[in-house]
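A short worksheet on the structure shown next.
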Amino acid sequence: MEAKGIKGFKDILPSEIKKWQYLERKAEEVFENAGYSEIRIPLMEFTEVFSRSIGEDTDIVEKEMYTFQDKSGRNITLRPEGTAPVVRAYVEHGLYAGPQPARLYYLGPMFRYERPQAGRYRQFYQIGVEALGIDEPLLDAEVVMMLWHLFEKMKLNDLELQINSLGCRNCRSIYIKKLKEYLGDKLPLLCPDCKKRYDVNPLRVLDCKRDQCRESTKDVPGILDSLCKSCKEHFEDVKGYLGELSIPFKINQRIVRGLDYYTKTTFEVIAKGLGAQNAVAAGGRYDGLVEDMGGPPTPGIGFAIGVERVISLIQDTFPEQKPFIYLTSLGNPGHALSIKLTRQLRDAGIKAELGYGNSLKSQMKKADKSGAKFVLIIGDEEIRKGLGILRDMDTKAQDNIDLKQAFEILVKRLG
RNA sequence: GUGGGCGUAGCUCAAUCGGUAGAGCACUGGACUGUGGCUCCAGUGGUUGAGGGUUCGAUCCCCUUCGCUCACCCCA
């Protein structure tokens, strides 16, 4: 057979994994500090969990889901996103009966059958947050703040926060009517895709990237002007809180989101210079979703971070690790002593790498590549004298150390 | 699903007009009998993505196919 992975499914090799762990740790730290708890949801759900919540007419449901029948003929889908399963779990386990908001976060792979390109894969990773049970704008601001705080802690540059409001279901349907009236005249000017969108989901015409459509819809009425009083107040409050926090944001009335469940506040974080797929995180409010899923009327808001996209923003030169030791040895007595010492050092919490190779030279080369601060050399001669050689790889200084006290000496140097 | 670009050593890439494949890096060893980075030398490593066609002869030209990649659609 040929060793070959599936299209759009990537290995994450050891040379890259430090960045992943860095992002995961920072996210955990920020979310836990905000009172959020991790929830682990399955990779698969009944297909209806996604088709009903995301929307039957969306691209995700229409053409991007990995769906199959299991052995008993049930329709199963590999999760294309995390919000629907989390809401399903929230309803199934009655989390609405606990203190609200229920603060949850998750991380793991999602699956969408799309043509891969820069920043897009068929198996891709998201870190997501959901806060359920509170409809106050204060929560919107806190959730956005958390996301922004995470990116700040990671020192990511050239990010832009864009926000919008889609209103509640009432004001949205009023706006859609208004929008269709406006677009009706322009229809001949629009691209074929947009002509289809006009019927299926007119909001998405706003999202079209073609210059011609952009130009033709330049003076389109904004959705923010159509918001009802309470939706407008909600959005004003969110903006006010973000202002208090000095979090810079831009209003983009063309953020419409491709999933049907979004209401009111929506937002995206864009990274410039990432290629076409440049949204590193996105989210919004979904006030009707819990009820759609069979739970009590419950508001909610959340976001998802595109892990691969954030990873690609992290510098390669990152970060230094604490000094550690590489143990080289020649001959059986030397090997035996060196493996014993290795175990003791690791027990004491000190990183110790064991050397392999027939010559001291080859072991030294490997020690150099490993980035070790110190090398301990134990050969036949050292065993005879009872003195090991401890070499500092940066300064090239060497000390003879008493092998009987080697452990204590090394702990002092490295601990 | 649609369109463009590209497939030669583990990686990055050469190969003139069509003449049977080469360099750098990496890896292993040596120069330096037990001391890394620098230098020099040597070795390992190839179904030129696959299949077919044209030709005395194809990495090169033609067809088919597979893969990778970027972009569209859409999305994190």
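Numbers restart at 1 for each chain; the letters A, B, ... are given by sequence-line order, proteins then strands. The figures that follow rest on heavy atoms only: side chains count, while hydrogens, waters and symmetry mates do not.
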Legend entry - 5′-ward residue of the pair Glu308(A)/Leu360(A) relative to RNA chain B: Leu360(A)
Legend entry - Val256(A) or Lys366(A), whichever maps to the more 5' nucleotide of RNA chain B: Lys366(A)
Using a 4.0 Å heavy-atom cut-off, does [X] contact any base of the nucleic acid, only the sugar-phosphate backbone, or nothing at all?
X	value
Glu268(A)	nothing
Arg115(A)	base
Lys396(A)	base
Ser362(A)	sugar-phosphate
Gly119(A)	base

Inset, instruction - Would you jot down, in residue-number order, the residues of residues 152-168 of chain A having a non-hydrogen atom under 4.0 Å from RNA chain B? - result: none
Inset, instruction - Check Glu62(A) against Glu56(A) and note the closest heavy-atom contact, atom names and distance. - result: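 Scanning both residues completely, I find the closest heavy atoms to be CG-O, 3.6 Å.
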Legend entry - Polar pair under 3.5 Å, donor/acceptor by atom type, side chain Gln363(A), base rU35(B): no
Inset, instruction - Determine whether any donor atom in the side chain of Glu62(A) lies under 3.5 Å from an acceptor atom in the base of rG1(B), or the reverse, and answer yes or no. - result: no
Legend entry - With Leu161(A), the side chain to side chain contact (heavy atoms under 4.5 Å, CB included) member among Leu147(A), Ile247(A), Ile270(A), Asn252(A):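 With Leu161(A) as partner, side chain to side chain contact (heavy atoms under 4.5 Å, CB included) holds for just one option, Ile247(A).
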Measure from the side-chain heavy atoms of [X] and tell me the nearest of [options].
X	options	value
Ala282(A)	rA76(B), rC70(B), rU35(B)	rA76(B)
Arg391(A)	rG37(B), rG34(B), rC74(B)	rG37(B)
Arg309(A)	rC74(B), rG36(B), rA76(B)	rA76(B)

Inset, instruction - Please determine if Lys180(A) forms a cation-pi arrangement with Tyr198(A), meaning its NZ or CZ atom is less than 6.0 Å from the six-membered ring centre and no more than 45° off the ring axis. - result: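 Geometry flag: set, cation within 6.0 Å and 45°.
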Inset, instruction - Determine the Euclidean distance between corresponding C1' atoms of rA14(B) and rA21(B); express it in Å to zero decimal places. - result: 10 Å
Legend entry - rA71(B) OP1/OP2 closer than 4.0 Å to side-chain N/O of Gln117(A): yes
